[in-house]
Protein chains: 2
Amino acid sequence: MKRKTYSCGLEAALDVVGGKWKVLILWALHDERRRFGDLRRTVSGISEKMLIQNLKEMEADGIVIRHDFREIPPRVEYALTSFGISLSAALSPLCEWGQLHMARIGAVKEEEEEARGRIEA
Amino acid sequence: MKRKTYSCGLEAALDVVGGKWKVLILWALHDERRRFGDLRRTVSGISEKMLIQNLKEMEADGIVIRHDFREIPPRVEYALTSFGISLSAALSPLCEWGQLHMARIGAVKEEEEEARGRIEA
DNA sequence: CCGTATCCGTAAGGATACTG
DNA sequence: CAGTATCCTTACGGATACGG
């Protein structure tokens, strides 16, 4: 059987949590299971389409598990698998780093956006 | 002065190392300074355009520093700043996680790609 | 050797409306 | 409530050719 290969661990990790939303979804689930609508509100800015699409991929990758209560009105909860939990643990230092340097990053990015604005104008 | 804000540390971190290439470039630099052409070969699959574009953004973000030796033929080296080093340290658990689960991830992703192939056919 | 410039396709992602 | 379906835009990124 063929198997995709990677030149380093980060490349493999990115194959699972790459893209704009997956890390944020993962993080929203790292401390508690959540319903679909709950996730939608927690991960600010995400559309329903992107949310469900990413959740499906994450489920296929084995980091998230979906539990459908088969009630009416519908009720579905998403939670991390143990694999997902190990991933979120690996992500936590990055989260702390971001927290620590948030102010600096925010300032630089704000400048960059202003600069882009000046170019367009 | 305005300042961009984030709802969690990961969001801020992603603003700096988001996208397909930056983490890989960062990682290529985490143990040694490298020349442009060296980076191009090390970060497998990247085009010159994407490499220079990302390097410029990373320089603007203060995680990479560019040293132009002003020689002919040209010689330019890129290295991590101390800020960049702190980031690479925060990334290292994720790298280890990827390394550890590389086989599993590779297998799943291979299946997914095969599945996509069947749909198109 | 280290980039720039240009062209171009794809796919990621947003908005909106609709269904069980 | 939890999704689907559809349309549409843009920006990410590849390929290629050229310049200092």
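Sequence lines set the chain letters: A, B, ... in the order given, protein chains first and strands last, and positions in each chain run from 1.
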Legend entry - Trace of the side chain to side chain contact (heavy atoms under 4.5 Å, CB included) decision for K109(B) with D61(A): CA-CA 8 Å; K109(B) 290 295 170 180; D61(A) 291 343; 3.1 Å; yes
Inset, instruction - Let me know the distance between CG of D38(B) and P of dG3(C), rounded to the nearest Å. - result: 13 Å
Inset, instruction - Ignoring backbone atoms, test whether Y78(B) places a side-chain nitrogen or oxygen under 4.0 Å from the OP1 or OP2 oxygen of dC2(C). - result: no
Inset, instruction - Could you check whether F69(B) gets within reach of a base, just the sugar-phosphate, or nothing at all, counting any heavy atom under 4.0 Å? - result: nothing
Inset, instruction - Decide yes or no on side chain to side chain contact (heavy atoms under 4.5 Å, CB included) for L10(B) and L94(A), but give the supporting numbers first. - result: CA-CA 7 Å; L10(B) 273 174; L94(A) 186 61; 4.0 Å; yes
Inset, instruction - Take atom CG of D68(B) and atom P of dG20(D), then tell me their distance rounded to the nearest Å. - result: 16 Å
Legend entry - Stepwise side chain to side chain contact (heavy atoms under 4.5 Å, CB included) test for D15(A) and K4(A): CA-CA 11 Å; D15(A) 222 355; K4(A) 199 172 172 186; 2.9 Å; yes
Legend entry - Close approaches to DNA chain D from residues 30-37 of chain A, in residue order (heavy atom, under 4.0 Å): R35(A), F36(A), G37(A)
Inset, instruction - Figure out the CG/C1' separation between L39(B) and dC1(C), and round it to whole Å. - result: 14 Å
Inset, instruction - Sequence neighbours left out, what passes salt bridge (charged side-chain N to carboxylate O under 4.0 Å, His left out) with E96(B)? Give chain and number order. - result: none
Legend entry - Length of the CG-C1' vector between N54(B) and dA11(D), whole Å: 13 Å
Inset, instruction - Give the stems involving DNA chain D, where a stem is 3 or more consecutive Watson-Crick or G-U wobble pairs (i with j, i+1 with j-1, and so on) under 3.5 Å. - result: C:3-8 with D:13-18, C:10-20 with D:1-11
Legend entry - Q53(B) CD to dT4(C) C1', straight-line distance once rounded to whole Å: 12 Å
Inset, instruction - For L55(B) and dG3(C), give me the distance from atom CG to atom P, rounded to whole Å. - result: 8 Å
Inset, instruction - Only counting residues at least two apart or in another chain, list the ones meeting salt bridge (charged side-chain N to carboxylate O under 4.0 Å, His left out) with R104(B). - result: none
Legend entry - Value in whole Å for how far the P atom of dG20(D) lies from CD1 of I52(B): 17 Å
Inset, instruction - Examine dG3(D): is either OP1 or OP2 under 4.0 Å from a nitrogen or oxygen in the side chain of R66(A)? Give yes or no. - result: yes
Legend entry - Contact state string [nucleotides 14-20 of chain C, B base, S sugar-phosphate only, - no protein heavy atom under 4.0 Å]: BB----B
Contacts under 3.5 angstrom, residues 20-29 of chain A side chains, donor-acceptor by atom type, not counting sequence neighbours:
residue, atom, partner, partner atom, Å
K22(A), NZ, E57(A), OE1, 2.6

Inset, instruction - Considering non-hydrogen atoms only, spot the tightest contact between S7(A) and S44(B) and give its length. - result: OG-OG, 4.2 Å
Legend entry - Evaluation steps, side chain to side chain contact (heavy atoms under 4.5 Å, CB included), between V64(B) and T81(B): CA-CA 5 Å; V64(B) 152; T81(B) 62; 5.7 Å; no
Inset, instruction - Between K56(A) and R41(A), just flag the one whose closest nucleotide in DNA chain D comes earlier from the 5' side. - result: R41(A)
Legend entry - R66(B) with E59(B): basic N within carboxylate O range, under 4.0 Å: no
Inset, instruction - Could you work out the separation of dG20(D) and dC7(C) based on their C1' atoms and round it to a whole Å? - result: 23 Å
Legend entry - Parallel, tilted or perpendicular: rings of F83(B) and H101(A) (30°, 60°): perpendicular
Legend entry - Donor-acceptor contact present, side-chain R40(A) to main-chain I46(A), <3.5 Å: yes
Inset, instruction - Provide, to the nearest angstrom, the distance between the CD atom belonging to E57(A) and the C1' atom belonging to dG3(D). - result: 16 Å
Inset, instruction - Taking atom CD1 of I65(B) as the centre, report whether more than 12 heavy atoms of other residues, nucleotides or ligands fall under 6.0 Å from it. - result: no
